[in-house]
**Student:** 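Let me give you the structure first, and then I'll get to my questions.
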Amino acid sequence: MRRRAIERHVRDHPPSFDAASAQWWLDLVRATIGRYFRPQVVGAAHLPAGRALIVGCHSGVVPYDAACTLAAIHDATGRFARAVGDRFFGGFRVVEDFLRQQGAVVGSPEALTALLRAGHMVLLFPGGAKDMERPYLTERYRVLPHRGFAPGRGGYIKVALRTGAPIVPLAVVGAEEAHVMLGNVPWLARGIGMPFFPILLFPFPLPVKLYIRFGKPIHLPGGPADARDQDRVDRLNRLVRRQLQQLIDDTVRRRRGIIVSRYARQPSTRGPS
């Protein structure tokens with residue numbers, strides 16, 4: 001009953017979404033970090049006309065990737081994609097209210113389900129803020145099996161099965177080099193109430209070039225009943241992680257340069273750039 005009530009509420013009353021505010025925010029993104037990082041979009045034709053769950057892995061210690069991806073989707077389709085924020089942001093009322101004005105939801109599977117059933121495109125990073133803790137030297141551009149990507153979890157898979165929404169894999173390449181995270185200080189992060197406290201090579205972001213690439217939609221086999229089968233969910237979770245990792249790896253191989261950069265039509269036979 002609670003889930004159906006939330007879904008009806010989100011469908012009939014989107015969570016404080018304000019189109020004018022969302023447009024202002026996307027224009028600001030384009031005029032600031034968009035000009036700084038000069039994102040190049042690849043594969044926008046893979047974005048469906050209807051509902052879709054766009055799934056990526058956070059790239060870097062600041063979510064430049066999410067903001068630039070939302071702007072890229074709007075540029076390509078004219079639609080305001082909704083985003084799912086990490087539960088961490090729910091602890092700050094001002095931040096959460098701002099996110100909701102842009103149409104985002106914070107850590108609510110029921111609200112995510114309702115948005116998809118209402119026909120929206122939703123941007124989700126299942127690894128959440130945990131993705132941003134990856135040290136550059138050892139784990140850059142790796143889709144790690146934690147949070148929503150972890151065995152026994154896979155909430156985004158369950159939502160896709162319940163709603164019949166295709167999953168569009170998203171690769172964002174470039175932001176890992178903007179700051180270059182060398183390590184994390186967990187005890188200091190806990191002391192100030194942050195998910196992590198990074199040790200950065202560059203405190204101010206380098207003007208790296210971002211590549212935002214949408215892969216072919218993944219239509220999961222199965223339906224709502226399969227969302228209750230955790231073994232099946234785990235298998236599909238591994239499938240999506242594997243395809244997402246392949247998309248990221250291929251995009252990294254095609255990148256030529258980091259700041260002065262171009263995207264090659266054919267992947268390099270050399271290692272990651």
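Since this is a predicted model, take the numbers as computed values, not measurements. Both backbone and side-chain heavy atoms feed into the values below; hydrogens, waters and symmetry mates do not.
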**Student:** For L144, give me all partners under side-chain contact (heavy atoms from CB on, under 4.5 Å), at least two apart in sequence or on another chain.
**Tutor:**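 side-chain contact (heavy atoms from CB on, under 4.5 Å) list for L144, sorted by chain: R134, E139, R142, H146.
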**Student:** Short question: side chain of Q245, backbone of Y141 - any donor-acceptor pair under 3.5 Å?
**Tutor:**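 Flag set: sc Q245 to bb Y141 pair under 3.5 Å.
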**Student:** Between R51 and T163 (side chain of the first, backbone of the second, donor and acceptor by atom type, cut-off under 3.5 Å), is there such a pair?
**Tutor:**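 Answer holds: yes.
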**Student:** Does I199 belong to the same Ile/Leu/Val/Met/Phe/Trp/Tyr cluster as F204, with side-chain heavy atoms less than 4.5 Å apart forming each link?
**Tutor:**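 Different clusters.
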**Student:** Using only atom types and a distance under 3.5 Å, with no angle test, would you say the side chain of D65 pairs donor to acceptor with the backbone of S59?
**Tutor:** yes
**Student:** Which pair of heavy atoms, one from V29 and one from A67, lies closest together, and at what distance?
**Tutor:** CG1-O, 3.8 Å
**Student:** Is any side-chain heavy atom of L116 closer than 4.5 Å to a side-chain heavy atom of V122?
**Tutor:**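 They are in side-chain contact.
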**Student:** Between the side chain of R38 and the main-chain N/O of I259, is any donor-acceptor distance below 3.5 Å?
**Tutor:** yes
**Student:** Mark yes or no: K209 above the aromatic ring of Y211, with NZ or CZ under 6.0 Å from the six-membered ring centre and no more than 45 degrees from the axis.
**Tutor:**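 Flagged: K209 positioned over aromatic ring of Y211.
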**Student:** Between L220 and A160, what is the shortest heavy-atom contact and its length?
**Tutor:**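 Here L220 and A160 meet closest at CD1-CB, 3.8 Å.
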**Student:** Give me each pair satisfying salt bridge (Lys or Arg N to Asp or Glu O under 4.0 Å) with a member in residues 213-229, each pair once, sequence neighbours excluded.
**Tutor:**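 Pairs touching residues 213-229 that pass the test: R213-D250, D226-R232.
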**Student:** Closest heavy-atom contact between P198 and L200?
**Tutor:** CB-CD2, 3.7 Å
**Student:** Got a second to check how far L53's CG is from L123's CG, nearest 0.5 Å?
**Tutor:** 9.0 Å
**Student:** For the side chain of H179 and the backbone of F202, is there at least one donor-acceptor N/O pair under 3.5 Å apart?
**Tutor:** yes
**Student:** Using modelled atom types only, decide if a donor and an acceptor are shared between the side chain of R79 and the backbone of A49 within a distance under 3.5 Å.
**Tutor:** yes
**Student:** Looking at D234 and G152, would you say the former's side chain and the latter's main chain have a donor-acceptor pair under 3.5 Å?
**Tutor:**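 Looks like yes, one N/O pair under 3.5 Å.
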**Student:** Among L247, I73, V42, find the residue that satisfies the side chain to side chain contact (heavy atoms under 4.5 Å, CB included) test when tested with F214.
**Tutor:** I73
**Student:** Would you name the heavy atoms of N184 and P186 that are closest together and state the gap between them?
**Tutor:** O-CD, 3.3 Å
**Student:** Would you please name every residue forming a side-chain contact (heavy atoms from CB on, under 4.5 Å) with A178, sequence neighbours left out?
**Tutor:**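 Only F37, Y64, P205, V208 meet the side-chain contact (heavy atoms from CB on, under 4.5 Å) criterion with A178.
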**Student:** What verdict does the side chain to side chain contact (heavy atoms under 4.5 Å, CB included) test give for D75 and V41, after you've listed the backbone C-alpha separation in whole Å, the side-chain angles of each residue and the deciding distance to 0.1 Å?
**Tutor:** CA-CA 10 Å; D75 289 341; V41 179; over 6 Å; no
**Student:** Compute the ring centroids of F125 and H58, then answer whether they are less than 6.0 Å apart.
**Tutor:** yes
**Student:** If only atom types and distance count, is the side chain of S261 paired as donor or acceptor with the main-chain N or O of R256 below 3.5 Å?
**Tutor:**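 Between the backbone of R256 and the side chain of S261 there is a qualifying donor-acceptor contact (under 3.5 Å).
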**Student:** Show the nearest heavy-atom pair for residues A76 and L47, with the distance to one decimal.
**Tutor:** CB-CD1, 4.4 Å
**Student:** Return the CD1 to CD distance between I157 and Q230, rounded to the nearest 0.5 Å.
**Tutor:**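 With rounding to 0.5 Å, CD1 (I157) is 10.5 Å from CD (Q230).
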**Student:** Verify, without hydrogens or angle tests, whether R140 (side chain) and E177 (backbone) share a donor-acceptor contact under 3.5 angstrom.
**Tutor:** no
